[in-house]
Amino acid sequence: MTSEKVVDFNDVVIVYDDFPAVAGATFCVDAGEIILLQGPNGAGKTTLLRACAGLLQIARGSANVLGCDLQTDRAAVRSRVGLLGHANGLFQDLTVSENMSFWSRLVGANKIDIDQAIDAMGLSGRLSETPVAKLSAGQRRRCALASLIVRRAQLWLLDEPHAGLDAQGRDELDRTLRAARDSGATVIFASHEIERAQSLATRCLLVTSGTVMPV
Amino acid sequence: MTSEKVVDFNDVVIVYDDFPAVAGATFCVDAGEIILLQGPNGAGKTTLLRACAGLLQIARGSANVLGCDLQTDRAAVRSRVGLLGHANGLFQDLTVSENMSFWSRLVGANKIDIDQAIDAMGLSGRLSETPVAKLSAGQRRRCALASLIVRRAQLWLLDEPHAGLDAQGRDELDRTLRAARDSGATVIFASHEIERAQSLATRCLLVTSGTVMPV
Amino acid sequence: MSQSSRKVSNTGTQATRVIGVLAIVVMIWVVVSGLVLTPADVVQGESVRIMYVHVPSAWIAYVAFIVTAIASAFYIFAKRHSLGFDRVAGASAEVGVMFMAITLITGSLWGRLTWGEFWQWDPRLTTTAFLFVTYIGYLAVRGLDGSTQQRAKRSAVVALLAVLEIPLVHFSVVFWRSLHQGATILDPNGDVKMDGLMLFTLFSGVVGFTLVFIWLVLHRQRTMLLSDLAIERGLDNAILERQNESARN
Amino acid sequence: MKKSMGKGRVVSAVLIKDLRIEARSRVVTNQVLPFAGLIMIMFAFALDNDDVLQRVAGGLIWLATIFSLFVIVQRSFAIDTVDAALDSLRVAGIDLSAVFLGKAIALTLQLMALDVVLIASAFLLYQVQVSAVGLVLLVTCVTCATTGLGFVGTLYGGLTAGTNGRETLLPLLLLPVVAPVLIAATRATEAAFGSGGAATSEGWAWVGLLTIFAAVFGIGGSLAFGPLIDE
Amino acid sequence: MKKSMGKGRVVSAVLIKDLRIEARSRVVTNQVLPFAGLIMIMFAFALDNDDVLQRVAGGLIWLATIFSLFVIVQRSFAIDTVDAALDSLRVAGIDLSAVFLGKAIALTLQLMALDVVLIASAFLLYQVQVSAVGLVLLVTCVTCATTGLGFVGTLYGGLTAGTNGRETLLPLLLLPVVAPVLIAATRATEAAFGSGGAATSEGWAWVGLLTIFAAVFGIGGSLAFGPLIDE
Ligand code: HEM
Ligand SMILES: Nc1ncnc2c1ncn2[C@@H]1O[C@H](COP(=O)(O)OP(=O)(O)OP(=O)(O)O)[C@@H](O)[C@H]1O
Ligand SMILES: Nc1ncnc2c1ncn2[C@@H]1O[C@H](COP(=O)(O)OP(=O)(O)OP(=O)(O)O)[C@@H](O)[C@H]1O
Ligand SMILES: [Mg+2]
Ligand SMILES: [Mg+2]
């Protein structure tokens, strides 16, 4: 029914107040790709990722994600993507396992998946009973990743997922993203760690001053 | 009068609530070094850096920074170090230049230094009149770095300074840290981007589970 | 953005000019009749003449807020969320707030003459003040940043909830024992207790204010359209600027 | 069937989350409650005259409740916005009207707990009296009024949550809307206390108004909340 | 010499920063003020009785002020803690008593602006009267009381800033300390208004108490603030 394209942006403009953070972006992503968005600070990577997640209004152009038009049907997109932004989206007063069970209740994940995700991110044991506010920065990021994993989204959107993770965490993250791809999901992520990111990605897009072009 | 050592930690223990985040750390840093703290998430890097800045209480052991004893005289240390933590320490409702002039007023930096720092971090023009809340994540980090630069501290403490910066920003950061070292300052920073960090550092220390050892 | 090609130089049309002229004529009649022809009241004396402004402005404020609600409903429930409805809603609310302010001002002047106080903690007065504040809040919501569609959606929700306060104001004299005049004209029992010419003047006032209301709303929604177009054009330039920036890199 | 179960699960997850965070952080207990108590005590001092006190008791209780409403609503959405959890909720693809209900119930329960304390202190400090019939009226009034406040607070809280500067609109929007609740609940409470010779039967008319209010904002909120925080 | 110039500069930098952020975010103007206004209006409505209103006017003004104090203090330190700017201040090696003074002055100015509005609304809504002598008393009372509140608010705000969960302690700590201010300022204001037949001269005794309070917390705060947020 829908096109094969997972993301199809055509001359898209996204505006904050009166500043066009994305000024005519055109690109497509096919199913099963792992796309890296690279580009300087303030280029518009975060804005693009949030737009793909259905969180931002498209001012001009046409944008289609997972077969849904972002102009008219952002709600439908949102239920099928998973987003890890710059912020973690965790509740500081709840423990890791409470956060996990909150998010997984909402998306209907089961106990085994949750434990597996907590385990994969190295947060089992003492850490899982620690309030998020008392974790180190990297541990918090791991918790956010764990709650993304249990979503089993069709489209994964990650904003600088490697930042803050240690070497072992990065390896685990790469493994997770590859596994997600293998099970049919599509991944788009932004990163400034070009080497590592390029070896993970199947294709790179360069974002500069609100426009997108292939590298 | 004081020892040549800029930092001299001897079997230092630092406790949160009842958890010893640093459990017997012993290491020294000489003047003019650029030290990399590497190690897994939750190892205690942030805790060590904040301790060096005089922000944390030392539970056991003896710690000496810039000739001041951390057990008795943390206030004296604080006036001579510059710290960039995981958070940026900026006021979200103020613009970049207002933030800069606030911090530089406190430390007595002059207008030229400020403009130079803003320029070096690529925040001049439109961006310098933008409220920090409306910047991208990397631009905010750049602003935090700029306000660290004008401090001209004797000891620079940076917690994952590369995270969030683009390639050009990283180069500029490395240049800045080397220049600081050349002008007599000492630098300690934590990072998970081992390759880049190792090429910058003059010596690496491995932090694991609250202890420190040379790499 | 089909409108952007249309040449727009002013906000008047043939229709607005006719309405404008009619409004002037009717209002002149109201002034003459209200100040000269109608008799003074037995109880209230000359001050009763304030009524010819006070009551119509209150009713037209109601009308304006109801128009806002209806336009908002059209915006929300129509398939194509048309910004035209949103502009009418906003324009009507602005004019309504103005009329409500006139009601409050004339009411308190009148109150000074009859009760000896500008303000009383009376249910009708208090609920009117709340209604006024509610629509100030509505206008503030319209002023929030965000895209025009976001603005429209947010404000439509507020408008649909806010209109529910009107019955509260209208029936407040029934709910609570009030100092304020009970329903004299819109009396549920239907017996109007008023002199014929006074009544005619009052209704002329209503007609005149209605015409003024329509005239203002038509113009206001046109200026809103124009400012939306100006913003679009500013955006065009900003997009070009940003694209050039990217080409330079 | 499946769908409605899903909704119930979301409502309870959100409700439990909000209450658990309150249990941990104790913002309402330690900040709002003492202040509300202070209002009651101060008035007992300022007007130490039983007649006047009994006349103002109802008004004070509801005035204190409405202040607390502002603080609790702000807190309730601060929890979600501080680390962008609200964004995560929005992309979780869940029925946002369930989030609305969950948050509204949590808010209502907190307000109710507060009102119990306030009413108890009115008994202690102001020597108000209540008959059995009055008590039934009182309980119904508290239930309806706090439910209405819970709904309207959550709706407008959602409308103003998030973007910088929007929060400051909250009181402007809430004030005129909650004013009728203040009046109706005060009158019903006065009727329950029999202060100023008000009859209990009069109170029920006010409770009716409160019920209508709660229903309007319950339905309106369930419908509007999603689109509002969704943009 | 050098040292004291430096201190003045820090005080003014902190003061300007706090006021500028308020000017941008308008939290006090749009949130606290309507709230305080509501207290005044609601009471006028609830006790539609001029005698009682004039009797409670003084108390209401100061109750509203103290409530606003809590909100403004919390806001004042939230500005500094949200992105760990307080840590940066601590490592800036500046004289923290200057930070204390800067923040306290900003707080006092905001409270004063608020009180002007509250007193104006008391004139409008409650028909209170004030003589020329009364006005002098009133102005002095507002100045002393808000200064005292500014000092004590900043001191305890600093004590409870930062670490999670500590914020909730603020009202508990502040309530007993500000209670004397509430009473003294209320009595002085009543004397200024001549309500309940209080003589103006009586008011000056209470103002004396307020001055002592301000002095104690001004000095105590300057000395203790540094060590407190410094730990
Ligand atoms: C600030 C003070 C006042 C305010 C805010 C106010 C407000 C209003 C409002 C909102 C209405 C429309 C009522 C409705 O039809 O639902 C109204 C109608 C009216 N007002 Fe006032 N009013 C004020 C003072 C007065 C005074 C002092 C008088 C005369 C003594 C007065 C006489 C009337 C009359 C005769 C009507 C028409 C009532 C009817 O037939 O329904 N008003 N006023
Ligand atoms: N809330 C906002 N209001 C106004 N402008 C904004 C806002 N957020 C971002 N911007 C601007 O939009 C542009 C793009 O921002 P975005 O966050 O998408 O950049 P980015 O590519 O993610 O950068 P980074 O690598 O620093 O994360 C930037 O120039 C920024 O200044
Ligand atoms: N406020 C706190 N309360 C209790 N425990 C804490 C607190 N902050 C950190 N910890 C614990 O102390 C340990 C060290 O934390 P620290 O932040 O120093 O780690 P780190 O080396 O900086 O890690 P990362 O690479 O993730 O930033 C972690 O195990 C963490 O769980
Ligand atoms: Mg970004
Ligand atoms: Mg760390």
Side-chain angles (χ1 to χ4, degrees), chain A residues 9-27 37-48 50-51 53-63 68-78 190 192 194 204-215, chain C residues 1-6 72 74-87 89-90 139-158 223-249:
Chain A
F9 271 40
N10 209 324
D11 213 15
V12 165
V13 174
I14 300 169
V15 185
Y16 295 116
D17 303 334
D18 51 3
F19 178 73
V22 171
T26 304
F27 69 100
L37 299 180
Q38 64 182 75
N41 291 137
K45 302 179 292 300
T46 300
T47 310
L48 280 173
R50 288 173 63 82
L55 286 174
L56 299 176
Q57 193 101 37
I58 309 289
R60 303 225 184 130
S62 71
C68 309
D69 186 350
L70 283 187
Q71 293 274 19
T72 56
D73 200 15
R74 284 188 286 135
V77 172
R78 279 203 288 267
H192 290 297
I194 309 297
C204 301
L205 293 173
L206 181 66
V207 186
T208 43
S209 300
T211 57
V212 179
M213 58 196 97
V215 175
Chain C
M1 296 301 111
S2 58
Q3 295 107 327
S4 57
S5 52
R6 189 162 34 172
S72 301
F74 270 106
Y75 172 81
I76 286 196
F77 295 114
K79 261 263 137 40
R80 210 180 129 268
H81 296 298
S82 159
L83 284 173
F85 288 122
D86 172 59
R87 283 190 288 264
L139 294 181
V141 169
R142 291 188 70 83
L144 289 176
D145 49 32
S147 74
T148 45
Q149 294 284 357
Q150 282 171 319
R151 178 191 75 190
K153 196 194 286 176
R154 278 198 294 256
S155 57
V157 170
V158 177
T223 54
M224 284 174 152
L225 171 65
L226 292 183
S227 78
D228 281 359
L229 290 181
I231 290 170
E232 283 290 313
R233 213 162 291 168
L235 181 57
D236 285 335
N237 293 335
I239 290 172
L240 279 181
E241 207 172 293
R242 184 122 164 105
Q243 282 170 345
N244 291 339
E245 197 181 307
S246 127
R248 270 200 305 279
N249 289 334

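Quick caveat, the model's predicted, so the values are computed rather than measured. Chain naming here is simple, since letters A, B, ... match the order of the sequence lines and numbering starts at 1 in each.
- Applying the side chain to side chain donor-acceptor pair (under 3.5 Å) rule to C/Thr223 yields the partners C/Arg220; only residues at least two apart in sequence or on another chain are considered.
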Full working for side-chain contact (heavy atoms from CB on, under 4.5 Å) between C/Gln149 and A/Gln71: CA-CA 10 Å; C/Gln149 294 284 357; A/Gln71 293 274 19; over 6 Å; no

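- Between C/Ala238 and A/Asp18, the closest heavy-atom pair is CB-O, 4.1 Å.
- Proximity to chain C is limited to the side chain of A/Phe19, based on heavy atoms less than 4.5 angstrom apart.
- Listed by chain and number, the residues in a side chain to side chain donor-acceptor pair (under 3.5 Å) with C/Arg242 amount to none (sequence neighbours excluded).
- For a residue to count as touching a neighbouring chain, one of its non-hydrogen atoms must lie under 4.5 Å from one of that chain's; by this rule C/Asp236 touches chain A with backbone and side chain alike.
- Panel note: side chain C/Gln243, backbone A/Thr211; no donor-acceptor pair is recorded below 3.5 Å.
- Residue C/Phe74 qualifies as open at atom CZ: its count of foreign heavy atoms under 6.0 Å is 12 or below.
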